[in-house]
There are 2 protein chains.
Amino acid sequence: MTTLAGRGSSPTLDEVAQLAGVSRATVSRVVNGSPKVRPEARRAVEEAVARLRYVPNPAARSLVTRRTDTIALVLSESNTQVFSDPFFARVVRELSAALADTEMNLVLLAARGEREQEKVARYVRQGHVDGVILMSLHSQDTLPAVLAEAQVPLVLSGRPLDGRSVCYVDADNAGGARDATEHLLAGGRRRIATVSGPQDMIAGIDRHAGYRAALEGAGIGPDPALVAAGDFTEAGGARAMAALLEQAPDLDAVFVASDAMAVGALRTLREAGRSVPGDVAVVGFDDAAAAATSDPPLTTVAQPLDEMTRHMTDLLLRQVEGDEEVQARVCPTRLVVRASA
Amino acid sequence: MTTLAGRGSSPTLDEVAQLAGVSRATVSRVVNGSPKVRPEARRAVEEAVARLRYVPNPAARSLVTRRTDTIALVLSESNTQVFSDPFFARVVRELSAALADTEMNLVLLAARGEREQEKVARYVRQGHVDGVILMSLHSQDTLPAVLAEAQVPLVLSGRPLDGRSVCYVDADNAGGARDATEHLLAGGRRRIATVSGPQDMIAGIDRHAGYRAALEGAGIGPDPALVAAGDFTEAGGARAMAALLEQAPDLDAVFVASDAMAVGALRTLREAGRSVPGDVAVVGFDDAAAAATSDPPLTTVAQPLDEMTRHMTDLLLRQVEGDEEVQARVCPTRLVVRASA
DNA sequence: GACGGTCGTGAAAGCGCTCTCACGACCGAT
DNA sequence: ATCGGTCGTGAGAGCGCTTTCACGACCGTC
């Protein structure tokens with residue numbers, strides 16, 4: 001009776017067993033909630049566990065179970081700013097809520113730059129986690145392929161460019177963009193411009209495709225003067241909007257591929273003396289917090305983020321349980337009509 | 001020669017040893033970079049490792065080494081929005097940069113709400129990580145104490161209320177606030193108000209204390225009408241500023257305890273027709289990105305975030321190596337003078 | 001040519017846990 | 001009384017790795 005848990009000297013199953021007067025096996029059963037234990041023995045073990053402040057060693061455990069009971073949310077993005085994306089925060093929130101009453105733990109892994117990506121890949125390949133939810137924004141990102149090859153349960157957040165045989169969940173970006181653009185058409189707009197997202201991101205590509213599809217559906221051909229690329233930031237949106245006003249002064253509406261950019265675009269329009277929605281109707285994308293508080297409040301496309309996250313969790317846990325089926329889920333978006341269009 | 005790494009069947013040390021024609025011990029030595037291996041043998045092992053795509057099993061390894069080679073950055077905050085804090089993003093960036101050429105991995109753990117805190121505590125106590133950097137914003141948060149008691153190497157980001165015997169790194173919040181306020185005094189202001197941060201956060205408390213200290217130093221007594229509490233958000237800052245204008249219409253300066261709130265305050269002042277810095281001088285805190293782009297650009301207090309993060313990493317790794325010494329570091333801030341004061 | 005020293009290596013003992021298997025105790029049915 | 005069955009339990013075999021220890025091989029030295 002000397003050492004009281006100095007650092008590094010935690011009690012083992014054996015010690016608990018000895019104190020409780022049973023075998024290791026029985027302690028293990030109690031700890032893991034097996035029903036096949038006499039109540040009496042169970043109580044003795046529980047008491048010993050409490051007395052010794054016993055905590056099972058996960059390394060030893062997972063050495064035999066081949067499970068770690070943790071999954072990783074990895075964010076593959078050189079731009080750390082993406083952390084600031086409320087999108088990301090909501091996913092984290094929903095994810096840990098979904099895991100709250102599971103045995104599963106959640107860890108976040110940031111993979112900016114090549115070296116960190118390699119480190120993350122190694123971490124995953126070593127079997128530190130039972131599964132991965134991967135948010136990869138850029139289409140040329142190699143991490144998705146690397147992880148897919150690592151044979152670890154994997155769900156992608158966002159459609160991969162090459163989407164065969166990998167499980168993913170995404171919003172219907174193209175459909176949402178089409179709805180948004182059709183809403184502008186329905187409002188009688190004809191010179192509909194777009195501030196698109198970066199064309200190396202799937203979301204940017206798909207939203208742009210939806211915009212084009214809507215115009216095409218209305219018999220309107222593409223006009224390069226009505227397209228400016230942004231970078232999903234507010235400043236970028238402002239710049240792109242300025243370029244559009246230059247290129248096509250006669251535009252009467254603009255579909256902006258993200259709310260952050262839309263807020264920038266609104267500022268540019270205000271500064272240029274164009275009224276919204278009077279002179280120019282504006283629709284954004286994301287239904288970000290800023291959309292509701294902007295001036296005027298932004299009509300935008302909402303993604304069912306919580307539903308998407310639940311699906312991701314669901315698909316991942318199912319894979320962890322051994323389900324081999326590869327599924328993808330594309331979730332419908334919803335147009336939120338406010339004052340800007 | 002049948003199975004090629006189906007899920008769950010990774011090659012073991014033994015197999016590598018067999019293929020290389022050496023013993024497990026030698027393979028282990030090669031893998032861990034021991035110098036005591038003949039170059040010839042080393043080459044054989046390396047080849048076998050490559051052929052088999054051997055990856056060491058970290059569970060087995062840490063079962064014997066008692067190390068996990070990963071540290072956790074835990075964010076204890078019910079408000080997930082804090083993720084969006086660029087502060088946080090910078091810490092993550094700097095931290096993983098510091099760890100990049102180490103063996104150490106970095107995982108982020110989010111602990112909102114009580115249940116998640118418990119999960120995180122359990123995770124840490126189980127020995128999943130070698131050390132923890134803990135960002136805990138609220139003074140009544142129990143996680144710091146829980147982790148401190150868990151005997152795991154720990155560094156706090158931000159001064160704890162009760163700071164004995166726990167390692168922490170913080171900016172000199174009080175000193176920075178004092179500098180800011182003295183800058184206002186030096187500019188001839190006398191009716192200096194403050195939008196303080198929440199008084200249940202150390203940063204809020206310390207910054208408020210610095211503000212009071214500066215006034216006191218100038219022989220100016222406290223005036224409750226000149227104080228309004230914000231919540232570190234832009235909207236909160238706007239509200240608090242409105243309250244101040246109500247309570248003390250004659251104010252000629254305001255020290256705002258965060259840039260986010262300062263941006264809101266600027267908006268309120270603009271809407272109230274007060275010119276900045278003509279009628280009212282404004283100083284913020286944090287040197288956030290928004291500070292440089294606000295209208296007018298914000299004079300603010302910059303924290304040496306990168307330096308602070310390096311210190312945290314440093315102190316933590318040293319503890320992991322076995323250093324028992326408990327240290328705290330308070331880093332000096334820097335006043336960044338722009339147009340608002 | 002015998003001697004103490006390195007040096008590289010392999011055998012083997014665990015690390016703390018799970019889980020199969022065998023075993024005795026006890027049940028009700030025959 | 002005898003038997004198949006269930007039930008709770010413990011002994012023990014690993015899981016894949018690191019690390020100590022002992023052991024030859026080989027060196028230069030006297």
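Within every chain, numbering begins at 1; the chains are lettered A, B, ... in the order of the sequence lines, protein sequences first and strands thereafter. All values below were derived from every heavy atom in this structure, side-chain atoms included, with hydrogens, water molecules and symmetry-related copies excluded. Since the structure is predicted, the reported quantities are computational estimates derived from the model, not experimental observations.
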*asked:* Applying a 4.0 Å non-hydrogen cut-off, can you work out what P56(B) is touching in the nucleic acid: base, sugar-phosphate, or nothing?
replied: sugar-phosphate
*Does the T70(A) side chain pair with the main chain of V129(A), one donor and one acceptor, at a distance under 3.5 Å?*
no
*Please determine if a side-chain N or O atom of S28(B) lies less than 4.0 Å away from the OP1 or OP2 oxygen of dT18(D).*
yes
_Using only atom types and a distance under 3.5 Å, with no angle test, would you say the side chain of D141(A) pairs donor to acceptor with the backbone of L143(A)?_
yes
*Would you mind reading off the distance between R67(B) atom CZ and dC17(D) atom C1', rounded to a whole angstrom?*
16 Å
Protein-nucleic acid N or O pairs under 3.5 Å, nucleotides 5-15 of chain D:
residue	atom	partner	partner atom	Å
dG8(D)	O3'	R38(A)	NE	3.4
dT9(D)	OP1	R38(A)	NE	2.9
dT9(D)	OP1	R38(A)	NH2	2.6
dT9(D)	OP2	R38(A)	N	2.9
dG10(D)	OP2	S23(A)	N	2.9
dG10(D)	OP2	S23(A)	OG	3.0
dG10(D)	OP2	T26(A)	OG1	2.8
dG10(D)	N7	R29(A)	NH2	2.9
dA13(D)	N6	R24(A)	NH2	3.1
dC15(D)	O3'	R66(A)	NH2	3.1

*Look at the side chain of K119(A) and the backbone N and O of M104(B), then say whether any donor-acceptor pair between them is shorter than 3.5 Å.*
yes
*Does atom CD of E103(B) have more than 12 heavy-atom neighbours from other groups under 6.0 Å away?*
no
*Please check if the side chain of Q319(A) supplies one atom and the backbone of L154(A) the other of a donor-acceptor pair under 3.5 Å.*
yes
*asked:* Minimum heavy-atom separation for R112(A) and S96(B), please, with both atom names.
replied: NE-OG, 4.2 Å
_Just the rounded figure in Å: distance from C1' of dC26(D) to CD of E40(B)._
15 Å
*Measure the distance from CG on L13(B) to P on dG14(C) and round it to the nearest whole Å.*
19 Å
*Let me know the distance between CZ of R61(A) and P of dG16(D), rounded to the nearest Å.*
18 Å
*Taking C-beta and beyond as the side chain, do V74(B) and Q117(B) meet within less than 4.5 Å on heavy atoms?*
no
Any N/O pairs under 3.5 Å between the protein and nucleotides 23-26 of chain C? List them or say none.
none

*Is any side-chain N of the basic residue among D314(A) and R318(A) closer than 4.0 Å to the acidic one's carboxylate O?*
yes
